[in-house]
*Asks:* 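One structure, pasted below without further comment.
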Amino acid sequence: MAELSTVGDVGVVRVKYPPVNALGFPVRKGIWDCIQRASRNSSIRCIVLCGDGRTFPAGADISEFGTNKAGMGPSLVDVIHAIEATDKPVVAAIHGTALGGGLELALGCHYRIIRKDGRVGFPEVTLGILPGGTGTQRLPRVTGIADALEIITSGKPLSARAALAKGIVDQVVEGDIVKQGIAFAKSVAGKPVAPRRISQMKVNAPANVRQIFDEMRAKLIKSSRGAIAPLTCLQSVEAAVTSPTYAQGLRKESELMMMLMTSGQARAQQYAFFAERAVTKWEVPSRGVGFKTAKPLAIKSAAVIGAGTMGAGIAMSLLSAGIPTFMIERNDEFLQRGVDTVKSFLGYYVVKGRMGAPQAKKLQALLKPTLSYGDLKDVDIVIEAVFENMKIKQEVFGKLDAVCKPSAILASNTSGLDIDQMASATKRPENVIGMHFFAPAHIMRLVENIYGKKTSAVAMATVMDLTKKMGKVGVLVGNCSGFVGNRMLGAYATEASFLLEEGCLPHEVDQALRDFGLPMGMFQMSDLSGLDIGYKGRTERGLIDTDGSKPARYRNGQRYSPLADMLVEKGRLGQKTGKGFYNYGKPGGRMPQRDPEVEQLILDFSEKHGIKRRQIYAEEIIERCLYPLINEGFRILQEEIARTMEEIDITWLYGYGWPRHTGGPMFYAKQVGLQRVYERILHYQKQFPYSTHWYPADLLQKMASQPAHKL
Ligand code: T1G
């Protein structure tokens with residue numbers, strides 16, 4: 001899987017292992033053999049190492065992890081040491097992405113050049129591991145401690161220019177990378193390689209090295225939310241400083257790598273890596289359609305209806321993909337607000353250095369604000385982001401159907417309403433589809449794409465393709481109330497409220513959920529989205545007790561908690577009014593503080609209804625919030641709303657910030673053990689028979705009884 005050729009006195013070792021030249025066993029062996037042969041060949045004076053096709057090796061072969069192939073020699077470390085040991089200068093000629101083991105391989109070479117559009121980085125931390133092929137020992141020797149720590153613990157790739165600035169590469173080049181590599185190799189042929197061997201270099205520890213580690217450690221404890229890889233990466237870099245020799249540092253790196261590799265977290269994060277790619281291969285077996293056969297339409301222009309925060313975020317996402325986009329509103333004032341919002345997003349990108357000012361200007365020019373539906377006659381897709389109300393949505397769909405060309409796709413950014421009902425307001429139900437963006441839409445990467453009964457395969461393929469072009473992760477799922485994400489969230493929110501009645505206070509529930517790894521607890525999240533949203537939904541479903549005639553704690557034979565309703569009725573709508581489950585000091589405030597008024601309201605409620613409050617421990621909070629959510633996930637699979645557990649897990653990872661180191665709710669359930677999850681659900685069902693979310697899904701019951709469950 002690697003080839004040696006010669007160009008004059010330069011040996012060219014070319015890795016050939018599509019698609020990304022991952023460093024699996026055949027590649028390691030191939031490079032090893034080529035390097036040995038090139039070293040022995042007296043007509044070769046210097047060597048270029050490069051990747052064939054689209055990239056320099058993009059890292060170790062992740063699919064080998066945990067299999068016996070991973071241990072088949074030579075190891076990556078052996079290969080790197082063999083390269084470094086050669087007396088002939090070896091030049092890594094990088095194009096595409098030299099990531100993880102790929103970058104380690106390059107750091108084993110004596111010189112590195114990179115094509116202008118190339119990138120380097122250590123994404124291992126996102127896979128739950130560390131750069132265990134000498135990376136944590138080599139990078140600090142090249143960039144210094146602070147930069148190495150940042151690069152390794154963040155996992156973020158660097159541009160070619162940044163890599164040059166940090167000393168990771170020696171030159172940035174343009175044009176044919178192999179030719180450039182050969183020219184560079186010739187320029188260093190005959191020079192002594194000893195001073196270029198990174199393993200022989202000293203680690204330059206500045207006087208404040210302790211402080212650098214301490215500050216980074218404190219930062220990582222906060223940000224890692226229970227993931228162990230970031231801190232272990234830090235420990236491994238620390239070993240480069242504290243170990244007397246490179247070899248000793250390397251031993252520590254390998255011990256730490258072993259520990260991570262065998263942890264459940266690494267398995268979960270590697271599962272997430274492949275899950276993200278698996279969901280792009282969508283299929284709807286009941287219709288016999290899928291990504292292999294359906295061809296997407298080209299989207300050359302788009303429109304967004306509604307210029308609120310959501311509409312502006314969606315417009316921004318479309319603009320980022322270079323798509324000219326109309327934005328429609330009811331009046332000039334609202335429209336201008338939308339235009340200004342988009343401008344502020346772009347301005348922020350420029351300030352943050354994520355985009356140049358000319359590029360921002362170009363994208364702003366692609367935005368076409370208008371008050372007239374007539375302007376949409378030629379667009380290829382419309383995404384409506386109007387008020388979450390079926391009547392209004394149907395009106396919009398009717399209007400769009402009348403003005404848009406027949407092939408135009410009409411999409412709804414609904415967070416849970418019936419796609420078929422919207423489609424019925426048009427004469428083109430086959431072109432109607434849901435595109436559920438998550439707020440803030442220009443940042444959150446998930447788009448839950450929802451097909452209705454009549455949605456065509458072309459429409460499905462088009463929105464999945466468009467989602468990717470916007471740099472987002474698309475999941476294609478079926479139509480049901482709340483779809484995958486919000487349907488599962490419903491069960492979780494309900495049970496969280498019951499915990500308040502029985503003994504918890506909002507901050508205790510939220511703390512347990514944050515300790516689990518979620519970015520925020522249920523009540524913080526409700527305050528952020530606004531308690532009035534759920535209230536409106538419950539009003540529509542006739543659940544609110546408007547005249548005192550309903551039993552306080554039951555609705556339609558189901559257990560019900562009116563606590564959130566009581567807050568709304570007191571004008572506590574969440575962050576926007578400065579008060580919700582928490583106190584935020586002022587409307588729009590963001591720092592939740594415990595509020596004695598709310599806590600008293602909860603205590604009074606329990607007392608009034610004769611509920612004996614008790615101490616509820618984190619373990620119960622987690623089970624009671626997350627197991628109903630997981631149970632609902634099994635129902636969703638059973639009903640084929642989602643086809644695979646990956647679709648559900650990716651929805652939660654990218655839509656709700658579910659901690660990646662647990663893989664997603666379904667993977668987490670498997671790691672806990674489906675038998676155990678099932679038994680606990682039965683246990684709670686006995687305790688709380690008036691909540692259907694404690695009735696185990698048939699699929700869960702079936703899977704729980706099977707020794708090895710494939711979801
Ligand atoms: N191993 C195995 N398969 C890989 C792979 C890898 N490293 N990278 C990609 N693939 C597969 C992927 O599943 C997909 O397969 C196809 O290649 C195309 O990928 C010792 C421990 C390089 C930026 O984490 O970030 O080195 O779905 O769709 O959008 O310290 O792939 O077609 O069947 O993503 O053009 C570190 C992971 C490993 C890089 C290209 N390296 N890859 O993106 O294509 S750990 C990484 C990526 C390590 C050492 C250690 C991206 C990409 P399929 P794609 P893309």
Side-chain angles (χ1 to χ4, degrees), residues 1 15 17-28 31 51 53-67 69-71 74-81 94-108 117-139 148 151-159 229 232-233 236-237 250 253-254 256-263 266-267 269-283 291-292 445 464-465 467-474 644 646 650 660:
M1 300 301 153
V15 178
Y17 197 49
V20 297
N21 290 322
L23 295 158
F25 164 69
V27 175
R28 297 194 300 269
I31 301 175
R54 61 199 240 204
T55 184
F56 194 80
D61 187 341
I62 305 168
S63 63
E64 263 190 2
F65 294 173
T67 71
K69 272 197 195 148
S75 71
L76 180 61
V77 175
D78 293 340
V79 174
I80 289 168
H81 287 155
I94 301 169
H95 77 298
T97 41
L99 299 176
L103 178 55
E104 291 170 318
L105 189 70
L107 291 170
D117 56 356
R119 284 183 304 154
V120 303
F122 281 129
E124 282 86 343
V125 70
T126 66
L127 296 166
I129 50 178
L130 52 78
T134 75
T136 65
Q137 304 306 298
R138 283 174 189 269
L139 195 65
I151 293 167
I152 292 173
T153 60
S154 75
K156 291 200 184 114
L158 275 70
S159 66
T232 316
C233 283
S236 197
V237 175
L250 205 56
E253 177 188 278
S254 128
L256 293 170
M257 177 68 159
M258 220 31 169
M259 185 275 283
L260 286 178
M261 213 33 145
T262 49
S263 74
R267 266 197 299 282
Q269 286 177 246
Q270 286 151 27
Y271 157 81
F273 175 85
F274 287 114
E276 190 177 329
R277 282 148 185 88
V279 299
T280 63
K281 301 178 176 95
W282 61 273
E283 258 178 74
F291 75 103
K292 275 196 193 133
R445 290 193 61 212
M464 286 298 280
D465 186 55
T467 306
K468 188 162 184 208
K469 293 208 165 101
M470 291 188 290
K472 298 193 182 288
V473 181
T644 62
E646 281 84 352
I650 289 297
R660 201 175 170 91

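Counting starts at 1 for both ligands and their atoms, following the listed order.
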*Asks:* Taking non-hydrogen atoms only, is P123 closer than 4.0 angstrom to ligand 1 via side chain, backbone, both or neither?
*Replies:* side chain
*Asks:* Report the nearest protein non-hydrogen atom to atom 35 (O) of ligand 1: residue, atom name, distance rounded to 0.1 Å.
*Replies:* R54 NH2, 2.6 Å
*Asks:* Quick one: does T97 get an N or O within less than 3.5 Å of an N or O on ligand 1?
*Replies:* no
*Asks:* Just let me know how I129 lines up against ligand 1, side chain, backbone, both or neither, with a heavy-atom cut-off below 4.0 Å.
*Replies:* side chain
*Asks:* What are the two closest non-hydrogen atoms of S236 and T136, and how far apart are they?
*Replies:* OG-OG1, 2.8 Å
*Asks:* Looking at E646 and K281, is there a salt bridge between them, counting it only when a charged N and a carboxylate O are closer than 4.0 Å?
*Replies:* no
*Asks:* Would you check whether P131 reaches within less than 4.0 Å of ligand 1, judged by its heavy atoms?
*Replies:* yes
*Asks:* Answer with side chain, backbone, both or neither: which part of L127 has a heavy atom less than 4.0 angstrom from an atom of ligand 1?
*Replies:* side chain
*Asks:* At what distance is the nearest protein heavy atom to atom 10 (N) of ligand 1, and which residue and atom is it?
*Replies:* V20 CG2, 3.9 Å
*Asks:* Heavy atoms only: which of K468, K281, E64 is nearest to atom 53 (P) of ligand 1?
*Replies:* K281
*Asks:* May I ask whether atom 42 (N) of ligand 1 is less than 4.0 Å from at least one protein heavy atom?
*Replies:* yes
*Asks:* Would A22 count as a polar contact of ligand 1, with the cut-off being nitrogen or oxygen pairs under 3.5 Å?
*Replies:* no
*Asks:* Under a 3.5 Å threshold, yes or no: a donor from one side chain and an acceptor from the other, between E104 and T134?
*Replies:* no
*Asks:* Specify side chain, backbone, both or neither for A60, according to which of its non-hydrogen atoms lie closer than 4.0 Å to ligand 1.
*Replies:* both
*Asks:* Considering E276, R277, M261, which one's heavy-atom position lies nearest to atom 14 (C) of ligand 1?
*Replies:* R277
*Asks:* Quick check: L76 and ligand 1, any N/O pair under 3.5 Å apart?
*Replies:* no
*Asks:* Is any side-chain heavy atom of L105 closer than 4.5 Å to a side-chain heavy atom of V79?
*Replies:* yes
*Asks:* Can you confirm whether some protein heavy atom lies under 4.0 Å from atom 29 (O) of ligand 1, or whether none does?
*Replies:* no
*Asks:* Using a 4.0 Å heavy-atom cut-off, which part of F122 comes near ligand 1: side chain, backbone, both, or neither?
*Replies:* neither
*Asks:* Below 3.5 angstrom, do we get any N/O pair linking G59 and ligand 1?
*Replies:* no
*Asks:* One residue to check: D61. Relative to ligand 1, which of side chain, backbone, both or neither has a non-hydrogen atom less than 4.0 Å away?
*Replies:* both
*Asks:* Answer yes or no: does an N/O atom from F273 fall short of 3.5 Å to an N/O atom of ligand 1?
*Replies:* no
